[in-house]
J.: 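Have a look at this one.
Start at 1 with the first residue, then count along the sequence.
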Amino acid sequence: MAEDTVPVFDTLVVIGPGLIGSSVLRRAQAEGNLARRLIAVDQSPDVCARVAELGIADEVTTDAAAAAAQADCVMLCVPVGAMGPVAAQVIPAMKPGAVLTDVGSTKVSVIEAISPSLRADVPYVPTHPMAGTEFSGPDAGLADLFENRWCLITPLDCTTTESLEKVRTLWERCGARLREMTPAHHDRVCAIVSHLPHLLAFTICGTADDLASETRSEVLDFAASGFRDFTRIAASDPIMWRDIFLSNREALLEMLGRFMEDAQAMARAIRWGDSDYIVDRIERGRKIRKSLIENKQA
(Lines give C-alpha, C1' and ligand atoms only; values in the text may rest on other atoms or scores of the structure.)
Protein backbone atom coordinates (compact mmCIF):
# COMPACT_ATOMS: atom_id res chain seq x y z
CA MET A 1 0.00 0.00 0.00
CA ALA A 2 1.41 3.41 -0.98
CA GLU A 3 2.33 5.61 1.97
CA ASP A 4 -0.12 8.35 1.01
CA THR A 5 -3.02 5.88 1.01
CA VAL A 6 -2.38 4.65 4.58
CA PRO A 7 -4.87 6.41 6.90
CA VAL A 8 -3.31 9.01 9.19
CA PHE A 9 -5.43 7.75 12.09
CA ASP A 10 -7.28 4.54 12.73
CA THR A 11 -10.30 6.18 14.42
CA LEU A 12 -11.06 9.88 14.01
CA VAL A 13 -13.73 11.42 16.26
CA VAL A 14 -15.23 14.71 15.07
CA ILE A 15 -17.09 16.52 17.82
CA GLY A 16 -19.46 19.07 16.30
CA PRO A 17 -20.23 18.00 12.71
CA GLY A 18 -21.19 21.47 11.46
CA LEU A 19 -19.71 23.17 8.41
CA ILE A 20 -16.07 22.40 9.25
CA GLY A 21 -16.61 19.08 11.01
CA SER A 22 -18.90 17.64 8.36
CA SER A 23 -16.51 18.83 5.64
CA VAL A 24 -13.68 16.90 7.31
CA LEU A 25 -15.93 13.83 7.46
CA ARG A 26 -16.86 14.18 3.79
CA ARG A 27 -13.22 14.57 2.80
CA ALA A 28 -12.26 11.57 4.90
CA GLN A 29 -14.89 9.48 3.15
CA ALA A 30 -13.94 10.72 -0.31
CA GLU A 31 -10.20 10.17 0.08
CA GLY A 32 -10.11 7.21 2.46
CA ASN A 33 -6.68 8.20 3.76
CA LEU A 34 -7.55 10.37 6.76
CA ALA A 35 -8.95 7.65 9.01
CA ARG A 36 -10.12 4.07 8.75
CA ARG A 37 -13.13 4.75 10.97
CA LEU A 38 -15.13 7.94 11.49
CA ILE A 39 -17.23 8.81 14.55
CA ALA A 40 -19.35 11.97 14.67
CA VAL A 41 -20.50 13.43 17.99
CA ASP A 42 -23.07 16.13 18.71
CA GLN A 43 -25.09 16.99 21.80
CA SER A 44 -28.20 17.43 19.63
CA PRO A 45 -30.10 14.22 18.80
CA ASP A 46 -31.55 16.01 15.75
CA VAL A 47 -28.07 16.80 14.42
CA CYS A 48 -26.97 13.23 15.06
CA ALA A 49 -30.02 11.94 13.20
CA ARG A 50 -29.22 14.18 10.24
CA VAL A 51 -25.57 13.08 10.16
CA ALA A 52 -26.75 9.47 10.18
CA GLU A 53 -29.13 10.23 7.29
CA LEU A 54 -26.30 11.82 5.33
CA GLY A 55 -24.15 8.74 5.96
CA ILE A 56 -20.95 10.72 6.46
CA ALA A 57 -19.73 8.80 9.54
CA ASP A 58 -19.45 5.15 10.51
CA GLU A 59 -20.94 5.90 13.92
CA VAL A 60 -22.95 8.83 15.29
CA THR A 61 -23.51 9.46 18.98
CA THR A 62 -24.34 12.08 21.60
CA ASP A 63 -21.88 10.46 24.07
CA ALA A 64 -18.66 12.42 23.58
CA ALA A 65 -16.68 10.62 26.29
CA ALA A 66 -17.56 7.15 24.96
CA ALA A 67 -16.53 8.20 21.47
CA ALA A 68 -13.29 9.79 22.70
CA ALA A 69 -12.34 6.56 24.45
CA GLN A 70 -12.15 4.90 21.02
CA ALA A 71 -10.28 7.70 19.29
CA ASP A 72 -6.78 7.95 17.93
CA CYS A 73 -7.59 11.59 17.23
CA VAL A 74 -10.31 13.81 18.66
CA MET A 75 -11.08 16.92 16.61
CA LEU A 76 -13.05 19.61 18.45
CA CYS A 77 -15.26 21.49 15.96
CA VAL A 78 -17.60 23.15 18.45
CA PRO A 79 -18.01 26.96 18.88
CA VAL A 80 -14.98 28.48 20.58
CA GLY A 81 -17.00 29.30 23.69
CA ALA A 82 -17.74 25.59 24.17
CA MET A 83 -14.17 24.33 23.65
CA GLY A 84 -13.23 24.30 27.35
CA PRO A 85 -16.28 22.39 28.65
CA VAL A 86 -16.15 19.86 25.81
CA ALA A 87 -12.41 19.31 26.29
CA ALA A 88 -12.97 18.73 30.01
CA GLN A 89 -15.51 16.09 29.10
CA VAL A 90 -13.46 14.16 26.52
CA ILE A 91 -9.80 14.43 27.55
CA PRO A 92 -10.12 12.22 30.66
CA ALA A 93 -11.60 9.47 28.45
CA MET A 94 -8.92 9.57 25.75
CA LYS A 95 -6.37 6.81 25.28
CA PRO A 96 -2.72 7.57 26.12
CA GLY A 97 -1.05 8.80 22.94
CA ALA A 98 -4.30 9.79 21.21
CA VAL A 99 -4.10 13.24 19.61
CA LEU A 100 -6.34 16.16 20.53
CA THR A 101 -6.85 18.95 18.00
CA ASP A 102 -9.31 21.78 17.47
CA VAL A 103 -10.41 24.04 14.61
CA GLY A 104 -11.24 27.16 16.62
CA SER A 105 -11.12 30.57 14.93
CA THR A 106 -9.34 32.07 17.95
CA LYS A 107 -6.35 30.40 19.52
CA VAL A 108 -5.20 32.14 22.72
CA SER A 109 -8.61 31.87 24.41
CA VAL A 110 -9.23 28.32 23.16
CA ILE A 111 -5.83 27.13 24.35
CA GLU A 112 -6.40 28.78 27.73
CA ALA A 113 -9.80 27.09 28.01
CA ILE A 114 -8.47 23.64 27.09
CA SER A 115 -5.16 23.75 28.97
CA PRO A 116 -6.53 22.97 32.48
CA SER A 117 -7.83 19.63 31.20
CA LEU A 118 -4.72 18.56 29.29
CA ARG A 119 -2.84 15.38 30.13
CA ALA A 120 0.87 14.78 29.60
CA ASP A 121 0.09 11.64 27.58
CA VAL A 122 -2.42 13.37 25.24
CA PRO A 123 -0.62 15.67 22.79
CA TYR A 124 -2.58 18.74 21.71
CA VAL A 125 -2.27 20.39 18.27
CA PRO A 126 -4.30 23.63 17.89
CA THR A 127 -5.32 24.47 14.32
CA HIS A 128 -7.55 26.84 12.39
CA PRO A 129 -8.63 25.93 8.84
CA MET A 130 -9.42 29.29 7.23
CA ALA A 131 -12.22 28.10 5.01
CA GLY A 132 -15.95 28.41 5.22
CA THR A 133 -19.21 29.67 3.85
CA GLU A 134 -22.12 31.56 5.37
CA PHE A 135 -23.96 28.25 5.86
CA SER A 136 -23.85 26.04 8.95
CA GLY A 137 -24.86 22.58 10.10
CA PRO A 138 -24.04 19.11 8.76
CA ASP A 139 -25.74 19.76 5.41
CA ALA A 140 -23.36 22.66 4.73
CA GLY A 141 -20.23 20.52 4.53
CA LEU A 142 -18.18 20.18 1.34
CA ALA A 143 -15.49 17.61 0.62
CA ASP A 144 -13.40 20.26 -1.17
CA LEU A 145 -13.98 23.08 1.33
CA PHE A 146 -10.31 23.21 2.35
CA GLU A 147 -8.84 22.87 -1.14
CA ASN A 148 -6.01 25.39 -1.54
CA ARG A 149 -7.13 27.24 1.61
CA TRP A 150 -4.85 28.04 4.53
CA CYS A 151 -4.84 25.98 7.69
CA LEU A 152 -2.99 27.80 10.46
CA ILE A 153 -1.29 25.65 13.09
CA THR A 154 -0.13 26.99 16.45
CA PRO A 155 2.01 24.29 18.12
CA LEU A 156 2.57 24.38 21.87
CA ASP A 157 5.30 23.06 24.16
CA CYS A 158 3.15 19.99 24.76
CA THR A 159 2.76 19.36 21.01
CA THR A 160 4.93 16.38 20.13
CA THR A 161 6.72 16.14 16.80
CA GLU A 162 4.77 12.99 15.92
CA SER A 163 1.37 14.50 16.69
CA LEU A 164 2.23 17.68 14.79
CA GLU A 165 3.25 15.71 11.70
CA LYS A 166 0.07 13.62 11.81
CA VAL A 167 -2.16 16.68 12.04
CA ARG A 168 -0.18 18.42 9.30
CA THR A 169 -0.63 15.37 7.09
CA LEU A 170 -4.36 15.25 7.81
CA TRP A 171 -4.84 18.85 6.66
CA GLU A 172 -2.55 18.41 3.66
CA ARG A 173 -4.72 15.49 2.59
CA CYS A 174 -7.75 17.76 3.00
CA GLY A 175 -6.13 19.95 0.35
CA ALA A 176 -5.05 22.76 2.69
CA ARG A 177 -1.95 24.93 2.61
CA LEU A 178 -0.20 25.05 5.98
CA ARG A 179 1.42 27.81 8.01
CA GLU A 180 2.69 27.65 11.60
CA MET A 181 2.65 30.64 13.95
CA THR A 182 2.25 31.53 17.61
CA PRO A 183 -1.28 31.69 19.07
CA ALA A 184 -1.04 35.43 19.78
CA HIS A 185 0.13 36.23 16.25
CA HIS A 186 -2.67 34.06 14.86
CA ASP A 187 -5.27 36.06 16.76
CA ARG A 188 -3.93 39.42 15.51
CA VAL A 189 -3.86 38.20 11.91
CA CYS A 190 -7.38 36.77 12.07
CA ALA A 191 -8.71 39.90 13.77
CA ILE A 192 -7.99 41.92 10.63
CA VAL A 193 -8.56 39.37 7.84
CA SER A 194 -11.61 37.61 9.26
CA HIS A 195 -13.09 38.90 12.50
CA LEU A 196 -13.19 42.64 11.67
CA PRO A 197 -14.79 42.07 8.22
CA HIS A 198 -17.52 40.01 9.86
CA LEU A 199 -18.07 42.67 12.53
CA LEU A 200 -18.40 45.33 9.81
CA ALA A 201 -20.80 43.16 7.81
CA PHE A 202 -23.08 42.54 10.78
CA THR A 203 -22.96 46.24 11.67
CA ILE A 204 -23.73 47.63 8.21
CA CYS A 205 -26.67 45.24 7.85
CA GLY A 206 -27.91 46.42 11.24
CA THR A 207 -27.56 50.02 10.09
CA ALA A 208 -29.65 49.27 7.01
CA ASP A 209 -32.24 47.50 9.12
CA ASP A 210 -32.56 50.55 11.38
CA LEU A 211 -33.34 52.95 8.53
CA ALA A 212 -36.81 54.44 8.15
CA SER A 213 -39.19 51.85 6.75
CA GLU A 214 -39.54 53.38 3.27
CA THR A 215 -35.77 53.73 2.83
CA ARG A 216 -35.18 50.26 4.24
CA SER A 217 -37.50 48.70 1.67
CA GLU A 218 -35.55 50.39 -1.11
CA VAL A 219 -32.27 49.12 0.35
CA LEU A 220 -33.61 45.59 0.16
CA ASP A 221 -35.14 46.08 -3.30
CA PHE A 222 -32.20 47.79 -4.96
CA ALA A 223 -29.24 46.31 -3.09
CA ALA A 224 -26.13 46.55 -5.26
CA SER A 225 -23.33 44.02 -5.30
CA GLY A 226 -21.38 45.70 -2.48
CA PHE A 227 -24.28 45.45 -0.03
CA ARG A 228 -25.08 41.91 -1.21
CA ASP A 229 -21.50 40.88 -0.39
CA PHE A 230 -21.95 42.22 3.14
CA THR A 231 -25.22 40.32 3.57
CA ARG A 232 -23.57 37.06 2.52
CA ILE A 233 -21.03 37.43 5.32
CA ALA A 234 -23.73 38.59 7.74
CA ALA A 235 -25.68 35.37 7.16
CA SER A 236 -23.07 33.49 9.22
CA ASP A 237 -23.94 31.64 12.43
CA PRO A 238 -24.62 34.20 15.22
CA ILE A 239 -23.59 32.04 18.19
CA MET A 240 -20.28 31.10 16.58
CA TRP A 241 -19.45 34.73 15.79
CA ARG A 242 -20.56 36.00 19.19
CA ASP A 243 -18.07 33.59 20.73
CA ILE A 244 -15.31 34.60 18.32
CA PHE A 245 -15.77 38.32 18.99
CA LEU A 246 -15.72 37.83 22.76
CA SER A 247 -12.85 35.33 22.66
CA ASN A 248 -10.62 37.58 20.56
CA ARG A 249 -11.73 40.77 22.27
CA GLU A 250 -8.37 42.56 22.64
CA ALA A 251 -7.03 41.95 19.13
CA LEU A 252 -10.40 42.70 17.54
CA LEU A 253 -10.85 45.97 19.43
CA GLU A 254 -7.33 47.03 18.46
CA MET A 255 -8.04 46.41 14.76
CA LEU A 256 -11.46 48.06 15.02
CA GLY A 257 -9.85 51.15 16.54
CA ARG A 258 -7.32 51.33 13.72
CA PHE A 259 -10.09 50.91 11.15
CA MET A 260 -12.15 53.68 12.73
CA GLU A 261 -9.16 56.05 12.52
CA ASP A 262 -8.72 55.18 8.84
CA ALA A 263 -12.46 55.60 8.21
CA GLN A 264 -12.33 59.05 9.82
CA ALA A 265 -9.37 59.95 7.60
CA MET A 266 -11.38 58.90 4.54
CA ALA A 267 -14.33 60.96 5.79
CA ARG A 268 -12.09 64.01 6.08
CA ALA A 269 -10.75 63.44 2.55
CA ILE A 270 -14.30 63.28 1.17
CA ARG A 271 -15.37 66.35 3.16
CA TRP A 272 -12.43 68.46 1.93
CA GLY A 273 -12.27 67.04 -1.56
CA ASP A 274 -8.84 65.40 -1.14
CA SER A 275 -9.02 63.35 -4.33
CA ASP A 276 -5.39 62.18 -4.12
CA TYR A 277 -6.01 60.52 -0.75
CA ILE A 278 -9.23 58.90 -1.98
CA VAL A 279 -7.57 57.54 -5.14
CA ASP A 280 -4.61 56.23 -3.12
CA ARG A 281 -6.92 54.26 -0.80
CA ILE A 282 -8.88 52.83 -3.72
CA GLU A 283 -5.68 51.82 -5.53
CA ARG A 284 -4.39 50.11 -2.40
CA GLY A 285 -7.62 48.15 -2.20
CA ARG A 286 -7.29 47.12 -5.85
CA LYS A 287 -3.73 45.91 -5.22
CA ILE A 288 -4.85 43.79 -2.28
CA ARG A 289 -7.62 42.26 -4.38
CA LYS A 290 -5.14 41.50 -7.17
CA SER A 291 -2.77 39.87 -4.68
CA LEU A 292 -5.56 37.67 -3.33
CA ILE A 293 -6.42 36.49 -6.83
CA GLU A 294 -2.76 35.78 -7.61
CA ASN A 295 -2.47 33.88 -4.33
CA LYS A 296 -5.59 31.85 -5.23
CA GLN A 297 -7.46 33.07 -2.15
CA ALA A 298 -10.28 34.82 -4.03
J.: Return each pair, listed once, that meets ring pair (Phe, Tyr, Trp, His ring centres under 6.0 Å) where at least one residue sits in residues 58-113; pairs must be two or more places apart or across chains.
T.: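 Residue pairs with at least one partner in residues 58-113: there are none.
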J.: Say you draw a straight line from CG of Leu19 to CG of Asp237; how long is it, rounded to the nearest 0.5 Å?
T.: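 Interatomic distance, Leu19 CG to Asp237 CG, rounded to 0.5 Å: 10.0 Å.
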J.: Excluding sequence neighbours, so at least two apart, what forms side-chain hydrogen bond (donor to acceptor under 3.5 Å, both in side chains) with Ser109?
T.: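 side-chain hydrogen bond (donor to acceptor under 3.5 Å, both in side chains) list for Ser109, sorted by chain: Thr106.
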J.: Just to verify, what does Glu31 make a side-chain hydrogen bond (donor to acceptor under 3.5 Å, both in side chains) with, not counting sequence neighbours?
T.: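 Glu31 satisfies side-chain hydrogen bond (donor to acceptor under 3.5 Å, both in side chains) with no residue once adjacent residues are dropped.
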J.: Would you mind listing every ring pair (Phe, Tyr, Trp, His ring centres under 6.0 Å) that reaches into residues 162-198, with sequence neighbours excluded?
T.: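 For residues 162-198, and leaving out neighbouring residues, the ring pair (Phe, Tyr, Trp, His ring centres under 6.0 Å) pairs sorted by first residue read His128-His186, Phe146-Trp171, His195-Trp241, His198-Trp241.
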J.: What pairs meet the salt bridge (charged side-chain N to carboxylate O under 4.0 Å, His left out) rule with one or both residues in residues 186-208, with sequence neighbours excluded?
T.: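 Applying salt bridge (charged side-chain N to carboxylate O under 4.0 Å, His left out) to every pair that reaches into residues 186-208, excluding sequence neighbours, yields Arg188-Glu254.
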J.: Please find the pair of heavy atoms, one from Val103 and one from Cys77, that lie closest to each other, and give the distance.
T.: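 Looking at all heavy atoms of both residues, the shortest contact is CG2-CA, 3.7 Å.
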J.: Would you confirm whether Arg37, through its side chain, and Gln70, through its main-chain N or O, come within 3.5 Å as a donor-acceptor pair?
T.: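 No: the side chain of Arg37 does not pair with the backbone of Gln70.
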J.: When hydrophobic residues are tied together by side-chain contacts of less than 4.5 Å, even through go-betweens, does Val86 share a cluster with Val80?
T.: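 Linked, Val86 and Val80 end up in one cluster.
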J.: Any side chain to side chain donor-acceptor pair (under 3.5 Å) pairs touching residues 264-273, not counting sequence neighbours?
T.: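 Listed once each, the pairs would be none.
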J.: Can you pull out every ring pair (Phe, Tyr, Trp, His ring centres under 6.0 Å) where at least one residue sits in residues 5-56? Sequence neighbours excluded, please.
T.: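 Qualifying pairs: none.
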J.: Is the backbone of Ile244 close enough, under 3.5 Å, to the side chain of Ser247 for a donor and an acceptor to pair up by distance?
T.: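 Not at all, since once roles are kept as given, no pair shorter than 3.5 Å links the two residues.
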J.: Looking at Arg119 and Ile91, would you say the former's side chain and the latter's main chain have a donor-acceptor pair under 3.5 Å?
T.: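 Answer holds: yes.
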J.: Rounded to the nearest 0.5 Å, how far apart are CG of Asp243 and CG of Asn248?
T.: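 One gets 12.5 Å once the value is rounded to the nearest 0.5 Å.
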J.: Please indicate whether Glu250 has more than 12 foreign heavy atoms, meaning atoms of other residues, nucleotides or ligands, lying under 6.0 Å from its CD.
T.: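 Incorrect, the count does not exceed 12.
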J.: Transitively linked via ILVMFWY side-chain contacts under 4.5 Å: Ile282 with Ile270?
T.: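 Yes, same cluster.
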J.: Val60 vs Asp42, test: side chain to side chain contact (heavy atoms under 4.5 Å, CB included). Steps then yes/no.
T.: CA-CA 8 Å; Val60 186; Asp42 199 276; over 6 Å; no
J.: Using the side chain to side chain donor-acceptor pair (under 3.5 Å) rule, collect all pairs that involve residues 85-94, keeping only residues at least two apart or in two chains.
T.: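 As it turns out, there is no side chain to side chain donor-acceptor pair (under 3.5 Å) pair with a partner in residues 85-94 once direct neighbours are skipped.
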J.: Return each pair, listed once, that meets salt bridge (charged side-chain N to carboxylate O under 4.0 Å, His left out) where at least one residue sits in residues 78-102; pairs must be two or more places apart or across chains.
T.: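 Sorted pair list: Asp72-Lys95, Asp102-Lys107.
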J.: Quick one: are Val110 and Leu76 in side-chain contact, heavy atoms under 4.5 Å?
T.: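 Side chain of Val110 against side chain of Leu76, heavy atoms only: no contact under 4.5 Å found.
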J.: Using the rule side-chain contact (heavy atoms from CB on, under 4.5 Å), only one of Val51, Asp63, Val90, Thr61 pairs with Val41; which is it?
T.: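 Only one of Val51, Asp63, Val90, Thr61 forms a side-chain contact (heavy atoms from CB on, under 4.5 Å) with Val41, namely Thr61.
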J.: Under the side-chain hydrogen bond (donor to acceptor under 3.5 Å, both in side chains) rule, what do Arg26 and Ser22 come out as? Steps first, then yes or no, please.
T.: CA-CA 6 Å; Arg26 285 175 167 85; Ser22 69; 3.2 Å; yes
J.: Please list all pairs meeting salt bridge (charged side-chain N to carboxylate O under 4.0 Å, His left out) that have one or both residues in residues 155-165, counting only residues at least two apart or in different chains.
T.: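 Sorted pair list: Glu162-Lys166.
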J.: Any donor-acceptor pair under 3.5 Å linking the side chain of Asp58 with the backbone of Leu38?
T.: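 Indeed, once roles are kept as given, a pair shorter than 3.5 Å links the two residues.
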J.: Among residues at least two apart in sequence or on other chains, which ones pass side-chain hydrogen bond (donor to acceptor under 3.5 Å, both in side chains) with Ser136?
T.: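 Residues passing side-chain hydrogen bond (donor to acceptor under 3.5 Å, both in side chains) with Ser136: none at all.
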J.: Please list, chain by chain and in numerical order, all residues satisfying side-chain hydrogen bond (donor to acceptor under 3.5 Å, both in side chains) with Gln43, sequence neighbours excluded.
T.: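 side-chain hydrogen bond (donor to acceptor under 3.5 Å, both in side chains) list for Gln43, sorted by chain: empty.
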J.: Is it the case that the side chain of Gln29 and the backbone of Gly55 share a donor-acceptor pair, with hydrogens and angles ignored and the cut-off at 3.5 Å?
T.: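 Looks like yes, one N/O pair under 3.5 Å.
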